[in-house]
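Step one of this worksheet: look at the structure below.
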Amino acid sequence: MNLVELSKEISYALRHAPWEYELELDELGFVPIVQLLHALNESGAYECEVTQADLEQIIATSEKKRHEIVADKIRALYGHTVPQIIKKEPGIPPAVLYHGTTHRALPQILQDGLKPMQRQYVHLSIDVETATRVGKRRDPEPIILKIDAESAHKAGLQFYIGNDKVWLCKEIPKDCLSIFTPKTLPCNTAV
Ligand code: HQG
């Protein structure tokens, strides 16, 4: 079983196009596992039968926690573009969050703040490393934005839990953003 391909298809079904699989997401984005398995196996795209153990293995071995199983249901934890707004659990964010983006998008972001664009939420990373990985999907030298999440949250902006590395927000106003530049030692510093 090609678990990467399977994981991508599950993300597609649970984030973007559940109707193509005759699935209906509940308000938290869950669908019954049996229904998802039925749809995947009916398509005939997989040579062996897809089982719950395959879904569990994807979740256990993926470098990102994209999906979650609770009891007999499964959901995508973030990334949704479906028209129905998926309810996320509000939380108190870390004081600082990061967002990796492209040189191309930067002028617009500095003017308008961060917008969810095609998705339901803006996706924020807990550290520079994660933000860099996100940004590198679209720009080999991504821009890393630093978000003053503590002030934004205190000012009333709601943050939501994605997974252990991803936080979600409806938008980030431009005055909560700055460009992150890693601290470099002056040339004459003895090390
Ligand atoms: C940019 C992946 C212009 C934003 C990742 C980004 C993540 C603006 C792009 C998750 C803008 C949207 C989400 C504005 C934001 N003007 N451009 N005002 N505001 N943008 O893919 O955060 O591997 O929807 O900077 O790892 O890149 O799929 O968001 O470049 O966690 O599990 O518009 O998807 O996860 O792109 O990525 P996306 P994202 P998976």
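Here the structure is a predicted model, which is why all the values come from computation and not from measurement. Counting starts at 1 for both ligands and their atoms, following the listed order.
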(request) For Gln108, take its heavy atoms, then give the atoms of ligand 1 lying under 4.0 Å from any of them. (result) 3 (C), 16 (N)
(request) State plainly whether one hydrophobic cluster holds both Val96 and Ile92, where clusters connect Ile, Leu, Val, Met, Phe, Trp and Tyr through side-chain heavy atoms under 4.5 angstrom apart. (result) no
(request) Pick whichever of Arg66, Gln120, Met117, Gln111 has a heavy atom sitting closest to atom 20 (N) of ligand 1. (result) Met117
(request) Return yes or no for this condition: an N or O of Gly113 is under 3.5 Å from an N or O of ligand 1. (result) yes
(message) If you measure every N or O of Arg138 against every N or O of ligand 1, does any of those distances drop under 3.5 Å?
(response) yes
(message) Residue-level breakdown please: for Arg133 versus ligand 1, do any non-hydrogen atoms fall below 4.0 Å on the side chain, on the backbone, on both, or on neither?
(response) neither
(message) Geometry only, no angles: is Arg15 polar-contacting ligand 1 at N/O separations under 3.5 Å?
(response) yes
(message) Against ligand 1, does Ile109 come closer than 4.0 Å with any heavy atom?
(response) yes
(message) Does the residue Gln118 have a heavy-atom contact with ligand 1, meaning some pair of atoms that are separated by less than 4.0 Å?
(response) no
(message) Just by distance, no angles: are the side chains of Glu20 and Tyr12 close enough, under 3.5 Å, to form a donor-acceptor pair?
(response) yes
(request) Compare Glu171, His123, Lys136 and give the one whose heavy atom is closest to atom 13 (C) of ligand 1. (result) His123
(request) Measure the spacing between NZ of Lys88 and NE2 of His80 and express it to the nearest 0.5 Å. (result) 6.5 Å
(request) Measure the distance from atom 15 (C) of ligand 1 to every protein heavy atom, then report the residue, atom name and distance (to 0.1 Å) of the closest one. (result) Lys115 O, 3.4 Å
(message) Minimum distance, heavy atoms only, to atom 35 (O) of ligand 1: which one of Lys64, His67, Glu63 is it?
(response) Lys64
(message) Suppose I only count heavy atoms of Ala105 and a 4.0 Å limit; which atoms of ligand 1 are within that range?
(response) 17 (N)
(message) If you compare all heavy atoms of Leu77 against all heavy atoms of Lys65, which two are closest, and at what distance to 0.1 Å?
(response) CD1-O, 3.5 Å
(request) Determine whether the side chain, the backbone, both or neither of Arg137 has a heavy atom under 4.0 Å from any heavy atom of ligand 1. (result) side chain
(request) Output the rest of the hydrophobic cluster of Val134: all Ile, Leu, Val, Met, Phe, Trp and Tyr residues reachable through side-chain heavy-atom contacts under 4.5 Å, sorted by chain and number. (result) none
(message) Within the 3.5 Å criterion, strictly below it, is a donor on Tyr21 or Glu9 matched to an acceptor on the partner's side chain?
(response) yes
(message) Counting non-hydrogen protein atoms only, what is the nearest one to atom 24 (O) of ligand 1? Give residue, atom name and distance.
(response) Arg119 NE, 2.7 Å
(request) Could you list the atoms of ligand 1 found under 4.0 angstrom from a heavy atom of Thr101? (result) 4 (C), 25 (O), 30 (O)
(message) Are more than 12 heavy atoms, taken from residues, nucleotides or ligands other than Lys170, located less than 6.0 Å from that residue's NZ atom?
(response) yes
(message) To the closest 0.5 Å, what do you measure between NE2 (His38) and CG (Leu23)?
(response) 10.0 Å
(message) With heavy-atom distances below 4.0 Å as the criterion, list the atoms of ligand 1 near Leu114.
(response) 15 (C), 19 (N)
(message) Could you identify the single nearest non-hydrogen protein atom to atom 4 (C) of ligand 1 and state the distance to 0.1 Å?
(response) His99 NE2, 3.4 Å
(request) Compute whether any side-chain donor of one residue and acceptor of the other, for Ser125 and His99, lie under 3.5 angstrom apart. (result) no
(message) Just verifying a value: how many Å separate Leu145 CG and Phe180 CZ, rounded to the nearest 0.5 Å?
(response) 11.0 Å
(request) Give the atoms of ligand 1, by number and element, whose distance to some non-hydrogen atom of Tyr78 is under 4.0 Å. (result) 31 (O), 32 (O), 35 (O), 40 (P)
(message) Any non-hydrogen side-chain atom of Ile144 less than 4.5 Å from a side-chain atom of Ile179?
(response) no
